[in-house]
Student: 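Below are the structure tokens for one structure; questions will follow.
Naming: A, B, ... by sequence-line order, numbering from 1 per chain.
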There are 2 protein chains.
Amino acid sequence: MEADSSLQDRVPRKRRKMQRVTMMDVAKLAQVSPSTVSLYLRKPAAVSPAAGQEIARAISTLGYVPNLVAGGLAAASSKVVSIIVPSIRNAFFAETVSTLQAELAAEGLQVILGHSEYGEDQEEALVRTALSWAPAAVVLTGLSHSTGTRKLLQASGVPVIEMWEIGGKPIDMAVGFSHPQVGASAARHLLSKEGRSIAFLGARMQEDHRAAKRASGFAEEAKRAAEHVTCEIINHPGAATVEAGSLLLSRALQQIPDLDGIACSNDLIALGALFECQRRGIDVPDRIAVVGFGDLDFSASCIPSLTTIRPSGDLIGKEVARLILAGIHGEHPTGASRIIDTGHVLVERRST
Amino acid sequence: MEADSSLQDRVPRKRRKMQRVTMMDVAKLAQVSPSTVSLYLRKPAAVSPAAGQEIARAISTLGYVPNLVAGGLAAASSKVVSIIVPSIRNAFFAETVSTLQAELAAEGLQVILGHSEYGEDQEEALVRTALSWAPAAVVLTGLSHSTGTRKLLQASGVPVIEMWEIGGKPIDMAVGFSHPQVGASAARHLLSKEGRSIAFLGARMQEDHRAAKRASGFAEEAKRAAEHVTCEIINHPGAATVEAGSLLLSRALQQIPDLDGIACSNDLIALGALFECQRRGIDVPDRIAVVGFGDLDFSASCIPSLTTIRPSGDLIGKEVARLILAGIHGEHPTGASRIIDTGHVLVERRST
DNA sequence: AGAATTTATCGTAGCGCTATTATGGGCGCA
DNA sequence: TGCGCCCATAATAGCGCTACGATAAATTCT
């Protein structure tokens, strides 16, 4: 059990031996060479059934757990995918990460998670550590990154996937949808419901570039549609929460007394706006129509049920996984297939 | 040509060289030995300021990114913490993971994420892969695990922290709170509001043991309090969503016509119940009082604002991080300090 | 049958880094 | 002036595994 550390000068150098069972042990027990064990673990079909069985038995007898760290070093690429999102607390990204993790786990890939908190410098630091793991791929959120981040990634040669946004030039590959188009869809929908004084309620738009793009897409569509339409963009500097939604609606009503339609950059904000309307006795959708974004858990069930734009976070996760796995299997997508548009869907419910 | 290699093994084997800049390159440029670079990276104070500066310059000139895989192999323990939660989509765990990730990142530790989806076998598989990374610690959710999982972890010698639950015998360390006590608190609160026909609305309780424990704590407290109190536990087999909350409330009213108080195993369920009451014109809290669990984003802002029990997921994250970091710094907590009770707080609002 | 393949298995050199011991030069103290 | 001691730095031996070629054995082709 324990080694006395006092009277041992036998061997030239004592090195901490921690790993209990190594591939070598398995090989000995199975009476094959370590290479064969390694081969069996990676491509079971390449070894004879007899040897395979013997190895499998040895593995289970010894309770062998492969050391992926050593494997990653030897193979010069570890079975890890690094994912960097602004915040996992955000239900959008939670969904994507969850799907992605599940898809990758099925192929034996691990997910390493990082939160940039919408900070480019923080993101760069995360990318740096991510690359320290020689990951099979790096997944980032959005297309806006510091030049340092881009350089690091380009120099590394690791496949990079930017998700949740398309419409710019990706570092390598991109999976997502156009945020200006989402804003435009929301505007068109409100205008189709006779909206004439409309507003976009967003949060943290100074940092959340994607929300800002939805807002500008919204404003542009409103401007394009008709000149007798007034349109405002209202930002809450803090996080996108239900409470922020209530505050934003109050501010919107103050600025635009005849407000008749709002689009929110997040369903949580929309829910807060809905609550605020309820408090003030404002009828939704008769007096004010509300469009959200995200189609979160509660959006179909709230009162009134929320018209919202569904970005399909799980589809993004699936597509990202597909690209990563294709890359691992040697198929490197080229040209237009390096950018995947997952689109968006406007789900019409009672709030408009 | 060059195929003649029978009796001369002069030419060393060609190995794919992928890493662009290694520690060796840095050492050369800085005119010190690789050991010194390594030492500088790990304990900057141990090298002379002159050498340190030289090394720092070399690192930035070359754009050196340390290879943590190699480091992990040499050090026999990687700078990785593996976290396994049922689902990151659940706002509770998202909060904890987010906090934990931030705290650990500050100390240079990476988070590897896995989702068990409330399955013990799936959890065991995740633990197995987790251990392949020789992680600095493994974090699990709850105290219920397969015997295989327990064995694997015990045999590995890796620090293990079980979070979000205490009250049983942890594998190694635990940070969380007592779920039966949460249920009891909810029951006491409802009873203090003159509740006489109360119910616990839960989801997925066949798999979510912690929710089940809250339910049984609730029922026991109700039974203990008075015999003229009727108490039911109602389960929805699917996920804990707002919609499930509406369904559960409907079922509760069917089973208990004079229902006057409910506790929900999750604020989403509570919100659904609130919506259903609104739809049916049932006054909350006058006719039915509602207690939630989680104190989610919307709980303070909904109508009526939700009385709920706050489990402080971020505090759990912080404490878990503290234990892990203590372990890394060599301080191994012993005895009672291996179990940390983060408690719970009942936040009284308008719904009761 | 002998040559030319194919197939299954083995031997071994690192992957890039850290831990440990070894070394040498500067310093205090007598 | 000399002795030991400490501190900064260097040398060295792996960590456990995979890739790459080599080798032996089995198979097919002339």
Student: Within the distance-only criterion (no hydrogens, no angle test), does the side chain of A/Ser77 pair as donor or acceptor with the backbone N or O of A/Ala136 below 3.5 angstrom?
Tutor: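 No, the answer is negative, given that no donor and acceptor are paired below the 3.5 Å cut-off.
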Student: Answer yes or no: is there a donor N or O on one side and an acceptor on the other, between the side chain of B/Thr36 and the main chain of B/Val47, under 3.5 Å?
Tutor: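 No; zero donor-acceptor contacts below 3.5 Å.
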Student: How many Å lie between CG on B/Leu73 and P on D/dA13, as a whole number?
Tutor: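 About 18 Å, once rounded to whole Å.
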Student: Hey, which sits more toward the 5' end of DNA chain D by its nearest nucleotide, B/Ala70 or B/Ala46?
Tutor: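 The residue whose closest nucleotide sits nearer the 5' end is B/Ala46.
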Student: For B/Asn67 and D/dC17, give me the distance from atom CG to atom C1', rounded to whole Å.
Tutor: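 Spelled out: CG on B/Asn67 to C1' on D/dC17 is 14 Å.
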Student: In this structure, how many angstroms lie between the C1' atom of D/dG14 and the CE atom of A/Met24, rounded?
Tutor: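 After rounding, the gap between these two atoms is 12 Å.
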Student: Which is true for B/Val32 with a 4.0 Å heavy-atom rule: it touches a base, it touches only sugar-phosphate, or it touches nothing?
Tutor: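 Touches sugar-phosphate only.
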Student: When we call it a touch if two heavy atoms are under 4.0 Å apart, what does A/Leu68 touch: a base, just sugar-phosphate, or nothing?
Tutor: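 A/Leu68: no heavy atom of the nucleic acid under 4.0 Å.
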Student: Evaluate side-chain contact (heavy atoms from CB on, under 4.5 Å) for A/Leu153 paired with A/Leu140, printing each intermediate quantity in order.
Tutor: CA-CA 11 Å; A/Leu153 289 168; A/Leu140 300 176; 3.5 Å; yes
Student: Does A/Tyr64 make a side-chain N or O approach to OP1 or OP2 of D/dC17 shorter than 4.0 Å?
Tutor: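 A/Tyr64 to D/dC17 OP1/OP2: side-chain N or O found under 4.0 Å.
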Student: Once you round it to whole Å, what is the distance between P of D/dG16 and CG of A/Leu39?
Tutor: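 It works out to 21 Å between those atoms.
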Student: Starting at NZ of A/Lys43 and ending at C1' of D/dC20, how long is that distance when rounded to a whole Å?
Tutor: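 Taking NZ of A/Lys43 and C1' of D/dC20, I get 12 Å after rounding.
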Student: Within the structure, does a side-chain N or O atom of B/Ser48 lie under 4.0 Å from either OP1 or OP2 of D/dT9?
Tutor: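 Answer yes for this pair, as a side-chain N or O of B/Ser48 is under 4.0 Å from OP1 or OP2.
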Student: Judged by each residue's nearest nucleotide on DNA chain C, which is more toward the 5′ side, B/Gly72 or A/Gln31?
Tutor: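 In this pair, the answer is A/Gln31.
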Student: Report the nucleotide, chosen from C/dT9, D/dT18, C/dG16, that has the shortest atom-to-atom distance to any side-chain atom of B/Ala74.
Tutor: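 Nearest to the side chain of B/Ala74 among the choices is C/dG16.
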Student: Does B/Gln154, at its CD atom, have more than 12 non-hydrogen atoms belonging to other residues, nucleotides or ligands within less than 6.0 Å?
Tutor: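 Counting other residues, nucleotides and ligands, CD of B/Gln154 exceeds 12 neighbours.
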Student: Expressed in angstrom and rounded to an integer, what is the separation of B/Tyr40 atom OH from D/dA10 atom C1'?
Tutor: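 Rounding to the nearest Å, OH of B/Tyr40 and C1' of D/dA10 are 19 Å apart.
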Student: Which one, C/dG11, D/dA11, C/dT18, comes nearest to the side chain of B/Ser38?
Tutor: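 Looking only at side-chain atoms, B/Ser38 lies closest to C/dT18.
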Student: Check this one for me: any side-chain N or O of B/Thr36 less than 4.0 Å away from OP1 or OP2 of D/dT9?
Tutor: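 Answer no for this pair, as no side-chain N or O of B/Thr36 is under 4.0 Å from OP1 or OP2.
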Student: Please figure out whether B/Ser35 or A/Ser35 has its closest DNA chain D nucleotide nearer the 5' end.
Tutor: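 The residue mapped nearer the 5' terminus is B/Ser35.
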Student: Figure out the CD1/C1' separation between B/Ile55 and D/dA8, and round it to whole Å.
Tutor: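 That distance rounds to 11 Å.
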Student: Between B/Arg42 and C/dA19, is there a contact of a side-chain N or O with OP1 or OP2 at under 4.0 Å?
Tutor: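 Looking at the OP1 and OP2 atoms of C/dA19, one of them is under 4.0 Å from a side-chain N or O of B/Arg42.
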Student: Any idea which of C/dT18, C/dT9, D/dA10 is nearest the A/Val47 side chain?
Tutor: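 Looking only at heavy atoms from C-beta outward on A/Val47, the closest nucleotide is C/dT9.
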Student: Any heavy-atom pair between the side chains of B/Thr96 and B/Val320 that's under 4.5 Å?
Tutor: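 B/Val320 does not reach B/Thr96 side chain to side chain.
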Student: Side-chain contact, heavy-atom cut-off 4.5 Å: B/Leu113 with A/Val97?
Tutor: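 A side-chain contact under 4.5 Å exists here.
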Student: Between atom CG in A/Leu62 and atom C1' in D/dG16, what is the gap in whole Å?
Tutor: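 One finds 15 Å between C1' of D/dG16 and CG of A/Leu62, rounded.
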Student: Verify the contact: side-chain N or O of A/Thr22 to OP1 or OP2 of D/dG16, cut-off strictly under 4.0 Å; return yes or no.
Tutor: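 So the side-chain polar atoms of A/Thr22 never come under 4.0 Å of the phosphate oxygens OP1 or OP2 of D/dG16.
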